[in-house]
Trainee: 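Mind having a look at this structure? Questions to follow.
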Amino acid sequence: MTTDSIHKGVSFDDQPLGFSTRSIHLGNGTDAETGAIRRPITLANAYALPYDASELNWSSSDLNLYARNGHPNQRYLESKIANLEGSEDAVVLASGVAALAATFTTFLSRGDHAIFSDTTYIAAYRLLNEILPKKYGIETSIVDTSNTQNVQRAIRPNTRLIHIETPANPTLKVSDIATIARYAHDANPEILVSVDNTFNTPFNVQPIKLGADIVIESLTKYINGHGDALGGSIAASKSVTDQIRFTSQVNYGGVISPFNAWLINRGSVTLPLRMRQHNASAQLIAEHLADHPKVSFVAYPGLKSHPNHDIAASQLVGSDAGYSGVLSFGLQTNHDGYNRFIAALHIVTSAVSLGHDESLIVFLGENDERQYLYPEAFHQGFLRFAVGLEDADDLIRDLDQALHTI
Ligand SMILES: *Cc1c(COP(=O)(O)O)cnc(C)c1O
């Protein structure tokens with residue numbers, strides 16, 4: 001753990017501090033100029049140059065130079081994310097997709113091969129299935145990574161990256177991070193295993209501890225938690241983050257704004273409290289829906305009936321951890337019935353995204369272009385439900401009355 005002025009309250013009496021204490025104190029500190037006990041938002045684009053600036057490297061990201069090279073609010077948030085993920089360092093960029101694209105474009109070159117989960121966030125699919133192969137000559141394989149044998153079989157001599165999303169959005173398949181990392185590194189220690197941990201957050205699962213090299217989060221979701229700022233992070237060793245800053249942040253320019261970095265730093269203070277509530281409410285609602293006669297299926301890793309429940313349980317960080325707040329479910333109805341159900345909801349909002357304070361639901365129809373990659377139960381259309389922080393009883397009443405209308 002580095003101990004510069006950004007870090008405060010990281011350890012006490014040589015005992016490591018808990019996740020909640022670190023979520024509150026890291027990334028904050030006393031402002032040297034005013035004594036304010038909240039670090040300010042520094043909006044400046046540019047910083048004063050030294051006496052002889054001619055020797056500076058204008059692509060450098062380790063000094064205050066120009067905000068795209070890195071800025072204080074970004075660095076405060078990075079110090080917190082790295083600590084919570086248990087990684088040596090972290091880079092924070094403008095969105096989760098900026099973090100995904102930065103990882104892929106920094107480490108994949110023409111002729112390299114990448115393996116990725118058959119269910120991923122749509123932009124990861126678009127990048128790895130279409131854009132990088134067509135424009136940059138990168139070979140990619142789509143694999144059901146919830147079966148580790150599939151991953152082992154797909155590794156080639158030129159495999160450079162294995163990108164797994166777990167739980168996967170929106171099928172909620174869970175992959176065995178430790179076994180995949182072991183297969184990858186046994187085959188070739190140079191292979192980077194990256195995990196999109198957006199659904200779990202480090203409160204529930206910490207992929208670095210399981211052997212992953214890179215952890216990507218859409219900070220937009222649970223880590224900010226309030227639905228009002230986009231951001232993304234890459235947690236990894238310093239050699240990985242240095243390459244990402246140098247190649248991608250400075251030259252592709254997906255830097256986060258100081259204001260969004262500040263908002264996410266503030267929102268993340270309550271991450272542990274919020275995750276406990278998301279975990280508990282989603283578990284209750286998943287169990288309730290699984291017993292409802294008008295529900296055709298429920299996909300939630302916290303249900304004992306989920307095909308990957310045991311591996312999901314084995315990955316949890318501590319006794320407070322759970323299976324996060326997102327579940328997918330189907331209705332015993334047709335296309336119109338799904339739309340009627342959504343229209344009948346009073347509390348739950350129909351909108352994309354997840355990890356907000358309020359509950360969000362989205363109808364993913366039977367014509368989704370990736371239907372062929374989803375399990376059979378999803379083929380007639382389904383709902384992705386991001387359980388919010390409202391009283392779980394209210395949410396259940398809202399769902400039940402809407403289920404009556406289909
Ligand atoms: C939302 C999401 C992303 C993309 O993040 P943005 O911040 O919207 O760019 C990536 N992965 C997962 C699993 C997500 O849910």
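Ligands are counted one by one from 1 in listed order, and the atoms in each one are counted from 1 as well.
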Trainee: Which atoms of ligand 1 are found less than 4.0 Å from any heavy atom of G231?
Mentor: 7 (O)
Trainee: Under 4.0 Å from a heavy atom of G96: give me the atoms of ligand 1 that qualify, with their elements.
Mentor: 5 (O), 6 (P), 7 (O), 9 (O)
Trainee: Nearest protein heavy atom to atom 5 (O) of ligand 1, by residue and atom, and its distance?
Mentor: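 Looking only at protein heavy atoms, the one closest to atom 5 (O) of ligand 1 is S218 OG, 3.0 Å.
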Trainee: Taking 4.0 angstrom as the limit and counting only heavy atoms of V97, give me the atoms of ligand 1 inside it, by number and element.
Mentor: 4 (C), 5 (O), 6 (P), 9 (O)
Trainee: So, for V250 and R68, which heavy atoms are closest and what is the spacing to 0.1 Å?
Mentor: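 What the structure gives for the nearest pair is O-NH1, 2.7 Å.
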Trainee: Hey, does the Lys NZ or Arg CZ of R370 hover above the aromatic six-ring of Y125, less than 6.0 Å from the centre and inside 45° of the axis?
Mentor: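 Judged by the rule, R370 and Y125 form a cation-pi pair.
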Trainee: Look at the aromatic rings of F363 and Y338 and report parallel, tilted or perpendicular, splitting at 30° and 60°.
Mentor: parallel
Trainee: For atom 12 (C) of ligand 1, which of L230, D196, L219, V326 has the closest heavy atom?
Mentor: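 Of the listed residues, D196 has the closest heavy atom.
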Trainee: I'd like to know if D31 and R39 make a salt bridge, using a cut-off of under 4.0 Å between side-chain N and carboxylate O.
Mentor: no
Trainee: Looking only at heavy atoms of S353, does any of them come nearer than 4.0 Å to an atom of ligand 1?
Mentor: no
Trainee: Which atoms from ligand 1 have a heavy atom of T220 less than 4.0 Å away?
Mentor: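 Ligand 1 atoms under the 4.0 Å threshold to T220: 6 (P), 7 (O).
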Trainee: Considering only non-hydrogen protein atoms, determine which one is nearest to atom 8 (O) of ligand 1 and report residue, atom name and distance to 0.1 Å.
Mentor: Y121 OH, 3.9 Å
Trainee: Do F297 and F329 have ring centroids that are under 6.0 Å from one another?
Mentor: no
Trainee: Over 60° means perpendicular and under 30° means parallel, so tell me whether W262 and F259 are parallel, tilted or perpendicular.
Mentor: parallel
Trainee: Which is closest to atom 15 (O) of ligand 1 in terms of heavy atoms, E165, E217, K221?
Mentor: K221
Trainee: Does the pair K80/E85 count as a salt bridge with the N-to-O cut at 4.0 Å?
Mentor: no
